[in-house]
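Notes follow once the structure below has been shown.
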Amino acid sequence: MELKDFGKNFVFMPDATKGAVRALTTQQLKDTGTEAIVTNTLHLMINPGKENIEKLGGIKKFMNWDGILLTDSGGFQVFSLIHSKKWKGTVHDNGATFKSPTTGDLYELTPESSIDMQMAIDSDILVTLDDCRDAKLGRSDAEESVKRTIEWAKRCKKYFEDVYGGTKETGKLLSCVVQGANYLDLRKHCAEELSQIGFDGYNFGGFVVTENGELVLEEMRAVIENTPSDKFKYAMGVGKPGDIRIVAGLGYRVFDTVLVTRNARHGTLYSKDMDDEVLRVKNAEYLLDERAIDSTCDCYTCKNFSRAYLHHMFRVNEMTGLTLATIHNLRYYQNLIDKLNKA
RNA sequence: GCAGGAAUGGCGGAGUGGUCAAACGCGGCAGACUGUAAAUCUGUUCCCUUCGGGGUACAUUGGUUCAAAUCCAAUUUCCUGCA
């Protein structure tokens, strides 16, 4: 896939947060049919750090990935690590300052430093820093989050253009994140303001499902309806196979979720042979089941190994099991995407 | 043979008179996970149950006590010294 065609067709990007899709080599990742991946600005800022990743020629060279790379801005990590008090830090109008919980080093993430970091990583598609917050947000907090998100997006774009020459000079794309929690008018407002600034892509940010796991479809629709139709739409964090099919119908073309790889490592595999598409291979019923995980799947795992073998790998805590499971789940998602593109 | 010590649920191992169906860990069973501090976390794990309870249980047998996994005696097995 060419970068200019990104988001024209459906695309699923596995998360390689720290520079690897967990449990897979880059070759194994390619073999699943994956064309684009996501790495994380904040995590790579801490390790190996901006200067080091620059010296190493960027993460694509580092991990020998020749597909498309999107870098998440770190907005979500600021939320999940600082807002939730897992890390010490504060979020303010200029960004976030925080302390590494392992080394104690102090970091600052601002709209500008986020762009610098994403350039150092050598990302193809950058994401503006956003102010991501909890799902159930009070009105005033949501308003503040939207205000900051717009402000930071503006600063990101200006910095990207002033310092790096923008898309024209770099050939890279810049996407923004639409916030607004569950307030439809705020989603609309945020989408309109960001559209006014102008980006190559519009990402639905915040939480995509409620506590009950139901998609926030109205909010997602509000963003689609108020952003340019010729730019890509990325539903960040979506999602389960069924969720992707639904959200695809709304107009989103780009997806990512940690579920596919995390579930794989937890023994939750996807299979068309199951009514709910889910096969928990660790369960006792698969001890002697010699069928493939999915009878319709063309992945390396399904072509060569049985449910019983995967079951055994998990039972004896053998790392190869994580790899085989991840290969399968990723291939399952790529097949799902292929089907959407052919429909 | 003598002297000490120990025997607890599938396993390891707490508990040393009542609050013990018994901590904790492992193993087993199931579930969760949606811009990854996640090869993680949660629930459950003697039997029966109308989920209120009920029944058996801490090597075995007997005893003391209102009450015993916990105290006493004998038996069995194991460990450590001395022969």
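Lettering follows sequence order; numbering is per chain, from 1.
Residues Asp66(A) and Lys60(A) are not paired through a salt bridge, judged by the lack of any N-O separation under 4.0 Å between the basic side chain and the carboxylate.
Val260(A) comes within 4.0 angstrom of nothing in the nucleic acid, heavy atoms only. Counting any heavy atom pair closer than 4.0 Å across all strands shown, Gln179(A) reaches a base atom. Looking at heavy-atom distances under 4.0 Å, Gly206(A) makes contact with a base. Using a 4.0 Å heavy-atom criterion, one finds that Gly321(A) contacts no nucleic acid atom at all. Within the 4.0 angstrom heavy-atom criterion, base atoms lie near Asn263(A). Contact annotation for Asn40(A): backbone-only contact, meaning every heavy-atom pair under 4.0 Å involves sugar-phosphate atoms and none involves a base.
For G35(B), the OP1/OP2 oxygens have no side-chain nitrogen or oxygen of Gln77(A) closer than 4.0 Å. For C29(B), the OP1/OP2 oxygens have no side-chain nitrogen or oxygen of Arg280(A) closer than 4.0 Å. Listed pair Lys18(A) / A38(B) meets the phosphate criterion, a side-chain N or O lying under 4.0 Å from OP1 or OP2. One finds a side-chain N or O of Thr257(A) lying less than 4.0 angstrom from the OP1 or OP2 phosphate oxygen of G35(B). Asn317(A) has no side-chain polar atom (N or O) that falls below the 4.0 Å cut-off from OP1 or OP2 of A39(B). OP1 or OP2 of G28(B) lies within a sub-4.0 Å distance of a side-chain N or O belonging to Arg315(A).
Between the NZ atom of Lys282(A) and the P atom of A32(B) there is a distance of 12 Å, given to the nearest Å. Look at CD1 on Ile82(A): it is 13 Å from C1' on A37(B), rounded to the nearest Å. Computed from coordinates, the Glu277(A) CD to C33(B) P distance equals 15 Å when rounded to whole Å. Rounded to whole Å, atom C1' of A37(B) lies 9 Å from atom CD1 of Ile46(A).
For A23(B), there is no paired base (Watson-Crick or G-U wobble, both distances below 3.5 Å).
Applying the 3.5 Å distance criterion, the base of U36(B) shares no donor-acceptor pair with the side chain of Ser80(A). Within 3.5 Å, a donor on the side chain of Asp243(A) pairs with an acceptor on the base of U34(B), or the reverse. Judged by distance alone with a 3.5 Å cut-off, no donor-acceptor contact links the side chain of Arg262(A) to the base of U34(B). The base of G35(B) sits within donor-acceptor range of the side chain of Asp130(A), with an N or O pair under 3.5 Å.
Look at His266(A) and the base of U40(B); the rings stack, centres closer than 5.5 Å and planes less than 30° apart.
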(request) Verify side-chain hydrogen bond (donor to acceptor under 3.5 Å, both in side chains) between Asn203(A) and Tyr252(A), making sure each step is shown before the conclusion. (result) CA-CA 9 Å; Asn203(A) 313 333; Tyr252(A) 289 92; over 6 Å; no
